[in-house]
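Indexing begins at 1, ligand by ligand and atom by atom, following the structure's order.
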Amino acid sequence: MRLRFVTSNEHKFREISAFLAMHGDECEWVRMKYEEIQDDTTESISLASARFLRGKVPEPFFLEDTGLYIDSLKGFPGPYSSYVQSTIGNSGILSLLKEKGREASFRTVISYVSGDGIEQFTGILKGSIAQEERGASGFGFDPIFIPRDSSKSLAEMSIDEKNQHSHRINALKLFIAHLEKSQQ
Ligand code: ITT
């Protein structure tokens, strides 16, 4: 199988293509920065991006939107994750969490655009926010996120290790299962 993935983010592409390669599948990278709306949910942002890209990228293709949801901040930054990462960043999140609960989750929503319309697949990773930044791999919030069944932050893991836990790969697995079922 060869899947076309639209993203400006090289880390996302590397994670997804590494997982697909292990299963004998290929990922074609459409490297493109597209306009993202601001909205209340990761689902609706992902859907709006899919609609925006329709007609601009050959079908079928997929994209994804990801957010970090912190329970004690009522889900913040969630759909504002890009803005928060590029403004206050990981150190700002750590400052906000002094004396607060650290439970959090990542949520990735893949939108797949094909002749059948737009279909969505959601992957979640539960965990907690670390006390300080740890590790130099990965990107974004990886240095401050520790998956529930791990003692390492995501930034202390190789791509293959991160892929064993990740929100992104959990969404991808659902997406692949759907494609395999529809090809039968
Ligand atoms: P696209 O071109 O695919 O939209 P992006 O980097 O803009 O790439 P998102 O809007 O989905 O991606 O990401 C929202 C924010 O969350 C952004 O600051 C990312 O760095 C961060 N992020 C996304 N996935 C992550 C992951 O697996 N680990 C850590 N941070 C992540």
* Using a strict 4.0 Å cut-off to heavy atoms of Tyr34, name the atoms of ligand 1 that fall inside it. => 4 (O)

* Structure fact -> ligand 1 atoms nearer than 4.0 angstrom to some heavy atom of Lys33 are 7 (O)

* Should you measure from each heavy atom of Lys162, which atoms of ligand 1 turn up under 4.0 Å away? -> 26 (C), 27 (O), 28 (N)

* Would you please classify the geometry between the Phe5 ring and the Phe62 ring as parallel, tilted or perpendicular, with 30° and 60° separating the classes? => parallel

* Residues forming a side chain to side chain contact (heavy atoms under 4.5 Å, CB included) with Ser72, sequence neighbours excluded -> Ile70, Leu97, Lys100

* Which atoms of ligand 1 have any heavy atom of Asp142 under 4.0 Å away? -> 26 (C), 28 (N), 29 (C)

* Asked: Among all protein non-hydrogen atoms, which one is nearest to atom 6 (O) of ligand 1, and what is the separation to 0.1 Å?
  -> Asn9 ND2, 3.0 Å

* Asked: When you measure from atom 2 (O) of ligand 1 to every protein heavy atom, which one gives the shortest distance, and what is it?
  -> Ser8 OG, 2.7 Å

* Counting each atom of ligand 1 from 1 as listed, which ones have a heavy atom of Lys12 under 4.0 Å away? -> 1 (P), 3 (O), 4 (O), 5 (P), 8 (O), 9 (P), 11 (O), 12 (O)

* Asked: side chain to side chain contact (heavy atoms under 4.5 Å, CB included) with Ile88: which residues, sequence neighbours excluded?
  -> Val84, Leu96

* Asked: Is Phe145 in contact with ligand 1, taking contact as a heavy-atom separation below 4.0 Å?
  -> no

* Structure fact -> Filtering Ser49, Gly140, Pro79 for the heavy atom nearest atom 20 (O) of ligand 1 leaves Gly140

* Quick one: which ligand 1 atoms are inside 4.0 Å of a heavy atom on Gln85? -> 18 (O)

* For Leu154, is the nearest heavy atom under 4.0 Å from an atom of ligand 1? -> no

* Structure fact -> Smallest heavy-atom separation, Thr7 atom then Trp29 atom, equals O-NE1, 2.8 Å

